[in-house]
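Scroll down for the structure; my scribbles are underneath it.
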Amino acid sequence: MIERMRLRNVVDVLFAVLATAAIWLGWTGSGWLSLVAVLLFGLAWGGVAASALGAGLLALPVLRGAAGAAVPLAAALATGGLLGVWLRRRMRALEHDRSCLHKGLHTVLGAAYRASRYEDPDELMRHLPEFFAGRSDRKLYVYKVDSGKVVSLGNDCELCDPRLLRQSLENGDPYYREGEKSIFLLPLCDGYVVGVEADGPLCEDERDLAKAFTDMACVMRERQLKAAEARYFGQLLAAMASSDRLEVAMEDVLQKVLPVVGATSGAVLMFRSGRFEVLARAGNIPPVELALLKKGLPPVWGGIWQTYVNHRPMYVEDYESFELRVPEIYDSGIRAIAHLPVSGGRRARIVMVVQDEKPHPWTRQERAFLEQTARGMGLMAEQLVVRERLNALLRLEREVMSLSLEGAYEILMKHAVRLVPGAEAGSLLVRSDDGRYSYVAALGYDLEGLRSIRYSLEDLRDFWYHAGADNWSDGEPRVISTSVQDIASVSYKTAPMEVIDPAGRVREIRANICFPIVYQGEVLAVMNLDAFSDADAFDDESVEVARLFAQQAALLLHEQHYRELLERSAHSDPLTELHNRRAFDEDYAAAWGSAKRYGHPLAVIIMDLSGFKAVNDTFGHAAGDRVLRQVAAVLLQNSRDGDRVYRWGGDEFAILLPHTDLSGAVKAAQRYTAALSGVCADDVCVSANNGAAAYPEDAEDAEQLLKLADSRMYKAKAAGLVVEPQ
């Protein structure tokens, strides 16, 4: 068609040149040339009819000899013919454009109607070519450029060079090439490109219509994506609202997130007690990475630490070129990764990780979707974390009240490190009766080494705590950081360097939060929580949780201490402060059960003081009480580790010796009796007669063993022996 139009134009120009030459010759020469000019003009501009008409007019007798009139007539005919032909051609061109616009507008409106029926944004893109199926001279193709690769959604246009597609998408500008087969490339959204193939040229209006159609498709896709996100977030919030545990809620979210962004695996991690612990995981996590997650990821590790510190999302499209790449993760097959902060104040305490086993471009829509999801997770996580902390404090109360005071200290320490955000280690100091504070529990430190350090009130309050006497009495947490001051130098003011350095690791501490545990204005204890990896580990959330924990700990320590005093009084002899007969019965039952279970020996000594009656009779009961207290002190001073001394009643005592056979019990009775030789009231001194018995040598029954030791004591007393058997 284009070649025929060009040939017609060439012929028209040729006829016009010849006709002009003929008019000039006719004006200056013979009339037959005028006839030729008229014929040529007619053929050039008016067609066969105009040529015949001009020739006929010149053939008339009236005009035959009027050669001079032929030239103006020919010129008039030529001018009229030229104007008429131009108008007709212009009308045909306008009609052609109108027809094209009509067809194009009809196609676009039909496509818009069809597009409105799709709810899935990706399905809309796949079906775009079908919207132009009704036109044989116009074909539409849709391409997806993903990680530099071009994928055709349907049939592939041979005229569309992948390089042109990528270039059009990168530049964001349409590309048009005219020819017998014209192509028009239009960049869409989200990596899609539309290609229009046409028979012949595409006029500017048609190109504008195609551009308007692609803009409309992008708007529809955007609306569909938002509608899909709204539906998803509705389901997400419903799922999280129905979960009463943080781990369950996070796993539900991951299960829904991965298919939306086309990722292969994901995890939600919480930085707690110095490691990133897994709250939830989903998808195809490689075994090597799964083993790392189960152990917990260390701090200052990979991109997740950057997200924790900066509290900003991080998207890695090609993990191979990532400067913070972790070799184990890369070797396990991960090629793209995204880290998103979920919850936390200054630091992102909870981080969502989304991974792919191939390079992933992380489109604008995917990033917006993931970030909105993370914000929703954060709101829900805050509520669930608060609920879990309250549940943990309730569990703490139950655990503490079921333990001894020493066990309660250890449990308090473990819960504090786990509950207070940023804590990695800690220590607990308790005030003794002399008003000094000493270490009773530690996590991450050498407790035995710390036990030798004792602090005065002034040491802790004025030098280490150093936040004011009022705050000290109110139990207000205090935070210090190496970004502001040297923690080690502060610690050396109150503790010897040679002890606190190896046992307390003070040179490794980067941040410390210290809070007094106060009950009714009295500082019962002081807790220190430390961070080794982050100088800004403790924020407002940490302070608030520490304050709440200190209040609960104060109540628990007070109740536990009070309960310990009651139990001690119920199991202690008020005069000698030794354990009493009730305590012996409980301890003996436990020791017997252990000896039977594990097959180790157990010995019992029953001791009766000789000469004690003479003290009472000579000096009175007050002197007798003093002698009993001296006897108790001597027995305690000479007891071995593991031996337990009891006041049996009156002037009788009992000694329980685990892991001791009969021979060892006899030697112990002799040692204890020898130590009593210095216990006197003026010139009246006391001694002892002892009965010893051991399992399994003497008896296989607990009651028989106790009766045998008692009867041997009476035999020794009657015979004046130190111990029976000898």
Inset, instruction - Without swapping roles, check the side chain of Asn310 against the backbone of Gln306 for a donor-acceptor pair under 3.5 Å. - result: yes

Inset, instruction - Output the distance between atom SG (Cys514) and atom CG (Leu529), rounded to the nearest 0.5 Å. - result: 9.0 Å

Inset, instruction - Please check if the side chain of Ser343 supplies one atom and the backbone of Glu382 the other of a donor-acceptor pair under 3.5 Å. - result: no

Legend entry - CZ on Arg395 to CZ on Arg398, rounded to 0.5 Å: 7.5 Å

Legend entry - Taking every non-hydrogen atom, the tightest pair across Ala348 and Pro341: CB-CB, 3.7 Å

Inset, instruction - Please confirm whether Tyr437 and Tyr455 have ring centers closer than 6.0 angstrom. - result: no

Inset, instruction - Using a strict cut-off of less than 4.0 Å between a Lys/Arg side-chain nitrogen and an Asp/Glu carboxylate oxygen, indicate whether Arg335 and Glu320 qualify as a salt bridge. - result: no

Inset, instruction - Decide side chain to side chain donor-acceptor pair (under 3.5 Å) for Gln355 and Ser265; before the verdict, give the C-alpha distance in whole Å, the side-chain angles of both, and the deciding distance to 0.1 Å. - result: CA-CA 5 Å; Gln355 305 175 141; Ser265 61; 2.9 Å; yes

Inset, instruction - Return yes if a side-chain donor-acceptor contact under 3.5 Å exists between Asp356 and Tyr319, otherwise no. - result: no

Legend entry - Distance (rounded to the nearest 0.5 Å) between Asp331 CG and Glu289 CD: 12.0 Å

Legend entry - Partner of Glu399 by side-chain contact (heavy atoms from CB on, under 4.5 Å), out of Leu394, Leu556, Ile411, Leu412: Ile411

Legend entry - Minimum side-chain heavy-atom gap Phe549-Glu544 below 4.5 Å: no

Legend entry - Within 45° cone of Tyr315 ring axis and under 6.0 Å: Arg367 NZ or CZ: yes

Inset, instruction - Verify the neighbour count for atom CD of Glu410: are there more than 12 heavy atoms of other residues, nucleotides or ligands below 6.0 Å? - result: no

Inset, instruction - Answer whether the closest heavy-atom distance between the side chains of Val309 and Trp305 falls below 4.5 Å. - result: yes

Legend entry - Sub-4.5 Å side-chain heavy-atom contact between Ile480 and Gln485: yes

Inset, instruction - Would you indicate whether His600, at its atom NE2, is surrounded by more than 12 heavy atoms from other residues, nucleotides or ligands within a distance under 6.0 Å? - result: yes

Legend entry - Spatial distance of atom CG (Leu428) from atom CG (Asn528) [nearest 0.5 Å]: 9.0 Å

Legend entry - Nearest non-hydrogen partners of Val261 and Phe369, listed with the distance: CG1-CD2, 3.7 Å

Inset, instruction - Please report the closest heavy-atom contact between Ala267 and Leu293, naming both atoms and the distance. - result: CB-CD1, 4.4 Å

Inset, instruction - Before giving the answer on side-chain contact (heavy atoms from CB on, under 4.5 Å), spell out for Val543 and Phe515 the whole-Å C-alpha distance, their side-chain angles and the decisive distance to 0.1 Å. - result: CA-CA 9 Å; Val543 171; Phe515 50 95; over 6 Å; no

Legend entry - Atom CZ of Arg312 with >12 non-hydrogen neighbours under 6.0 angstrom: no

Inset, instruction - Any chance you could lay out the side-chain contact (heavy atoms from CB on, under 4.5 Å) test for Lys294 and Val278, step after step, and finish with the verdict? - result: CA-CA 7 Å; Lys294 289 181 177 180; Val278 178; over 6 Å; no

Legend entry - Chi angles and distances behind the salt bridge (Lys or Arg N to Asp or Glu O under 4.0 Å) call for Glu247, Arg245: CA-CA 6 Å; Glu247 292 82 358; Arg245 293 181 60 243; 3.5 Å; yes

Legend entry - side-chain contact (heavy atoms from CB on, under 4.5 Å) between Val479 and Asn512, worked out: CA-CA 6 Å; Val479 176; Asn512 166 270; over 6 Å; no

Legend entry - Spacing of OG belonging to Ser452 relative to CD1 belonging to Ile500, to within rounding of 0.5 Å: 8.5 Å

Legend entry - Non-hydrogen side-chain atoms of Gln383 and Val386 separated by less than 4.5 Å: no

Inset, instruction - Would you mind checking if Asp474 and Arg547 are paired as a salt bridge, meaning a charged N to carboxylate O distance below 4.0 Å? - result: no

Legend entry - Criterion side-chain contact (heavy atoms from CB on, under 4.5 Å) on Leu557 and Ile517, from CA distance to verdict: CA-CA 9 Å; Leu557 286 179; Ile517 298 175; 4.1 Å; yes

Legend entry - CA sep, side-chain torsions, deciding dist, call: Asp536, Arg347, salt bridge (Lys or Arg N to Asp or Glu O under 4.0 Å): CA-CA 8 Å; Asp536 294 321; Arg347 294 293 190 248; 3.6 Å; yes

Legend entry - His311 (side chain) donor-acceptor with Arg346 (main chain) under 3.5 angstrom: no

Inset, instruction - Run the numbers on Tyr492 and Asp501 for side chain to side chain donor-acceptor pair (under 3.5 Å), then give the verdict. - result: CA-CA 9 Å; Tyr492 296 153; Asp501 256 351; 2.7 Å; yes

Inset, instruction - Please work out which of the three classes, parallel, tilted or perpendicular, describes the rings of Phe276 and Phe271, given edges at 30° and 60°. - result: tilted

Legend entry - Face-on cation placement of Lys493 at Phe463 ring, 6.0 Å and 45° thresholds: no

Legend entry - Trace of the side chain to side chain donor-acceptor pair (under 3.5 Å) decision for Glu424 with Ser273: CA-CA 4 Å; Glu424 300 178 42; Ser273 301; over 6 Å; no

Inset, instruction - Give, for atom CD1 of Ile334 and atom CD1 of Ile329, the distance between the pair rounded to the nearest 0.5 Å. - result: 7.0 Å

Inset, instruction - Examine distances only and state if a side-chain atom of Ser473 and a backbone atom of Asp470 form a donor-acceptor pair shorter than 3.5 Å. - result: no

Legend entry - Smallest separation among heavy atoms of Ser438 and Ser432, with atom names: OG-OG, 3.8 Å

Inset, instruction - Check whether any side-chain heavy atom of Leu246 sits under 4.5 Å from a side-chain heavy atom of Leu279, and report yes or no. - result: yes

Inset, instruction - Answer with yes or no whether the side chains of Ser456 and Asp459 bring together a donor and an acceptor at under 3.5 Å. - result: yes

Legend entry - For the student: nearest non-hydrogen atoms of Pro361 and Glu317, plus distance: O-OE2, 2.7 Å

Inset, instruction - Mind running side chain to side chain donor-acceptor pair (under 3.5 Å) on Ser542 and Asp539 for me, showing each step along the way? - result: CA-CA 5 Å; Ser542 306; Asp539 53 15; 3.1 Å; yes

Legend entry - Within 45° cone of Trp464 ring axis and under 6.0 Å: Arg478 NZ or CZ: yes

Legend entry - Donor-acceptor side-chain pairing of Tyr439 and Arg454 below 3.5 angstrom: no

Legend entry - Beyond-backbone contact of Asp534 with Tyr308, side-chain heavy atoms, under 4.5 angstrom: yes

Inset, instruction - Inspect the surroundings of CD in Glu586 and state if more than 12 heavy atoms from other residues, nucleotides or ligands are less than 6.0 Å away. - result: yes

Legend entry - Residue pair Val354 / Ala263: nearest heavy atoms and the distance that separates them: CG1-CB, 3.4 Å

Legend entry - Non-hydrogen side-chain atoms of Leu460 and Thr494 separated by less than 4.5 Å: no

Legend entry - Main-chain N/O of Asp318 paired with Ser321 side-chain donor or acceptor, under 3.5 Å: yes

Legend entry - Cation-pi geometry met for Arg505 and Phe532 (6.0 Å, 45°): yes

Legend entry - Side-chain heavy-atom pair Leu292, Leu297 within 4.5 angstrom cut-off: yes

Legend entry - Greater than 12 external heavy atoms within 6.0 Å of Asp486's CG: yes

